[in-house]
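See structure below.
When a ligand or atom number is given, it counts from 1 through the structure's own listing order. Side chains are part of it too, since the values below use all heavy atoms of this structure and drop only hydrogens, waters and symmetry mates.
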Amino acid sequence: MSTAIEETLVLVKPDGVARSLTGEILRRIEAKGYSLVDIRLVQAERSLLAEHYAEHEGKPFYEPLVEFMESGPIVAIRVAGNRVIEGFRVLAGTTDPTTAAPGTIRGDFGRDWGLRVQQNLVHGSDSPESAERELKLWFS
Ligand code: IDP
Ligand code: MG
């Protein structure tokens, strides 16, 4: 079975940048064998974050999430590889860092800080459609 080369959007969220984990996260992506195609440090505007997280508007964690993502610089990375969209989500681990599996980014470096939003270090696109949409938002 052959698969096409895909691209995904990875974000090192403000907690990951502030905790100096950007290098460790890049290391894991490269060690897995994926390619870094583009990278930038961004202080995200609210309008970009509102578009990025449009699917979550109205949820209780939406406003805390946008405020968290505005709270400091984010590292945005375009990553390429066969099945990289699914593969990076596995590297990242599940959304809740308390129960994310050890060995994953969120499982190894994340925890619950008692806040209204889970600070879980990274974002990864969840489908080819999301990846295309999000890459346009962050790299245009
Ligand atoms: P994902 O980042 O694993 O794809 P999403 O459901 O898309 O998770 O949620 C976006 C982000 O919103 C999460 O990464 C996390 O920071 C935050 N979040 C999601 N669900 C909750 C929740 O139930 N409580 C607090 N924060 C949440
Ligand atoms: Mg998501």
*Sub-3.5 Å donor-acceptor pair from the side chain of R106 to the main-chain atoms of A100, do we have one?*
no
*Might you confirm whether atom CD of Q43 has over 12 heavy atoms from other residues, nucleotides or ligands at distances under 6.0 Å?*
yes
*Among all residues two or more places apart in sequence or in another chain, which pass the salt bridge (charged side-chain N to carboxylate O under 4.0 Å, His left out) test with R116?*
none
_Going by salt bridge (charged side-chain N to carboxylate O under 4.0 Å, His left out), name the residues that satisfy it together with E51, two or more places apart in sequence or in a different chain._
none
*Proximal protein residues to ligand 1, non-hydrogen atoms under 4.0 angstrom*: K13, Y53, H56, F61, L65, R89, T95, R106, R116, V117, Q118, N120
_Going by salt bridge (charged side-chain N to carboxylate O under 4.0 Å, His left out), name the residues that satisfy it together with R78, two or more places apart in sequence or in a different chain._
E7
*Look at the side chain of R19 and the backbone N and O of F109, then say whether any donor-acceptor pair between them is shorter than 3.5 Å.*
yes
